[in-house]
Amino acid sequence: MKLKPNYLIGFLKSAGWFFSLIVLVSGVMPYFRGLPVDWSEIASMAAFGGAFLGIGICVMFTPREISWDDEKISLRVNFPKSGYYSWRQLEAYSTWGGRFGTFLLKLEGMQSYQIVPVCFPAKDWAAFQSFLRKRFPDKKTWLWFGPIPVRFGRK
């Protein structure tokens, strides 16, 4: 199976999400408190911030490709490094990872891969998640200290 991102769709979704969040926090909330709001300044700041963060998600947190089968996984990424791994090297994966959340995948000898799945088709991302849950239920990890899995009494 293979996951390939659509960077344009992912960028538009994440930039729109951040744009909305910035407008809400910087404009709408002060407006309802009775404070003056310069909407043109808020809109330009939100557009710049949304674009900057959207590009950051696409470049830093979206692999160029994830492919897997029953024996191995291949990750083509910008950060930390691309590679081919056996599923025996899987140490942990996070349980969450909604469209805008950060999904974590920890492989032996590597720092955790941090993946924001917004650029991947939802159906394909769900197939990857389903594969992990069915094949490796014991590696699901609820508690992470940043990118480090916390697994009490388990390896």
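Residues Glu65 and Leu3 fail the side-chain proximity criterion, which asks for heavy atoms closer than 4.5 Å. Taking 4.5 Å as the limit, some side-chain heavy atom of Ile66 sits within range of a side-chain heavy atom of Ile115. Between Met60 and Gln114, the closest side-chain pair of non-hydrogen atoms is not below 4.5 Å. Between Tyr113 and Val77 the shortest side-chain heavy-atom distance falls below 4.5 Å. Here the side chains of Tyr85 and Glu108 are not in contact, with every heavy-atom distance at 4.5 Å or above. Contact check for Asn6 versus Cys119: no side-chain heavy atoms found under the 4.5 Å cut-off. Residues Ile73 and Phe128 have side chains in contact (heavy-atom distance under 4.5 Å, counting atoms from C-beta outward). Contact of the Thr141 side chain with the Val150 side chain is not registered, since no non-hydrogen atoms from C-beta on lie closer than 4.5 Å.
Not a single ring-ring contact (aromatic ring centres under 6.0 Å, His included) links Phe61 to another residue, sequence neighbours left out. The side-chain contact (heavy atoms from CB on, under 4.5 Å) test applied to Arg88 returns Ser86, not counting sequence neighbours. Contacts of Asp38 classified as salt bridge (charged side-chain N to carboxylate O under 4.0 Å, His left out), with partners at least two apart in sequence or in another chain: none. For Arg133, the side-chain contact (heavy atoms from CB on, under 4.5 Å) partners two or more places apart in sequence, or in a different chain, are Tyr93, Gln129, Ser130. In this view, Lys13 satisfies the salt bridge (charged side-chain N to carboxylate O under 4.0 Å, His left out) rule with no residue, not counting sequence neighbours. For the ring-ring contact (aromatic ring centres under 6.0 Å, His included) test, no residue two or more places apart in sequence or in another chain qualifies with Phe48. In this view, Ser44 satisfies the side-chain contact (heavy atoms from CB on, under 4.5 Å) rule with no residue, not counting sequence neighbours. Judged as a side-chain contact (heavy atoms from CB on, under 4.5 Å), and not counting sequence neighbours, the contacts of Ile22 are Ser26, Met45, Ala46.
The distance from the OH atom of Tyr84 to the CD atom of Gln89 is 14.0 Å, given to the nearest 0.5 Å. Atom OG of Ser94 and atom CG of Leu143 lie 12.0 Å apart (nearest 0.5 Å). For the atom pair Leu107 CG and Leu105 CG, the distance stands at 4.5 Å (nearest 0.5 Å). Atom CG in Leu75 sits 11.0 Å away from atom CZ in Arg64 (nearest 0.5 Å). Leu24 CG to Met29 CE: the interatomic distance, rounded to the nearest 0.5 Å, is 6.5 Å.
When only modelled atom types and interatomic distance are considered, Ser82 and Arg76 share no side-chain donor-acceptor pair under 3.5 Å.
Closest heavy-atom contact between Lys4 and Pro121: O-CD, 3.7 Å. Nearest heavy-atom pair across Gly10 and Cys58 is C-SG, 4.2 Å. When every heavy atom of Ala122 is checked against every heavy atom of Arg99, the shortest pair comes out as CA-NH1, 3.7 Å. Across all their heavy atoms, Lys139 and Glu91 have their closest contact at CD-O, 3.5 Å. Of all heavy-atom pairs between Asp124 and Met1, the closest is OD1-CE, 4.4 Å. In this structure, Pro5 and Pro63 approach most closely via the heavy-atom pair CG-O, 3.3 Å.
Taking Ile, Leu, Val, Met, Phe, Trp and Tyr as members and joining any whose side-chain heavy atoms lie under 4.5 Å apart, directly or through other members, Ile148 forms no hydrophobic cluster with any other residue. Hydrophobic side-chain contacts under 4.5 Å tie Leu35 to no other Ile, Leu, Val, Met, Phe, Trp or Tyr residue. In this structure, Ile9 shares a hydrophobic cluster with no other residue, the cluster being traced through Ile, Leu, Val, Met, Phe, Trp and Tyr side chains under 4.5 angstrom apart.
Under a 3.5 Å cut-off, the side chain of Arg135 and the backbone N or O of Asp70 do form a donor-acceptor pair. In terms of modelled atom types and a separation under 3.5 Å, the side chain of Thr62 and the main chain of Pro117 share no donor-acceptor contact. Counting only distance, with no hydrogens or angles, the side chain of Ser67 and the backbone of Lys2 share no donor-acceptor pair below 3.5 Å.
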From CA spacing to verdict: side chain to side chain contact (heavy atoms under 4.5 Å, CB included), Leu8, Leu12: CA-CA 6 Å; Leu8 178 60; Leu12 292 173; 4.1 Å; yes
Check against side chain to side chain contact (heavy atoms under 4.5 Å, CB included), Phe103 and Val116: CA-CA 6 Å; Phe103 173 79; Val116 177; over 6 Å; no
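Within the structure, the ring-ring contact (aromatic ring centres under 6.0 Å, His included) test picks out the following pairs touching residues 11-30 (sequence neighbours left out): Trp17-Phe100.
By the rule that hydrophobic residues join a cluster once side-chain heavy atoms approach within less than 4.5 Å of another member, Phe52 and Tyr7 end up as members of separate clusters. Clustering ILVMFWY residues whenever any of their side-chain heavy atoms sit less than 4.5 angstrom apart, transitively, puts Val23 in the very cluster that holds Tyr31. When hydrophobic clusters are built by joining Ile, Leu, Val, Met, Phe, Trp and Tyr residues whose side-chain heavy atoms come closer than 4.5 Å, directly or via intermediates, Val37 is not grouped with Val25.
The aromatic rings of Trp87 and Phe136 lie tilted to each other, with the angle between the two planes from 30° to 60°.
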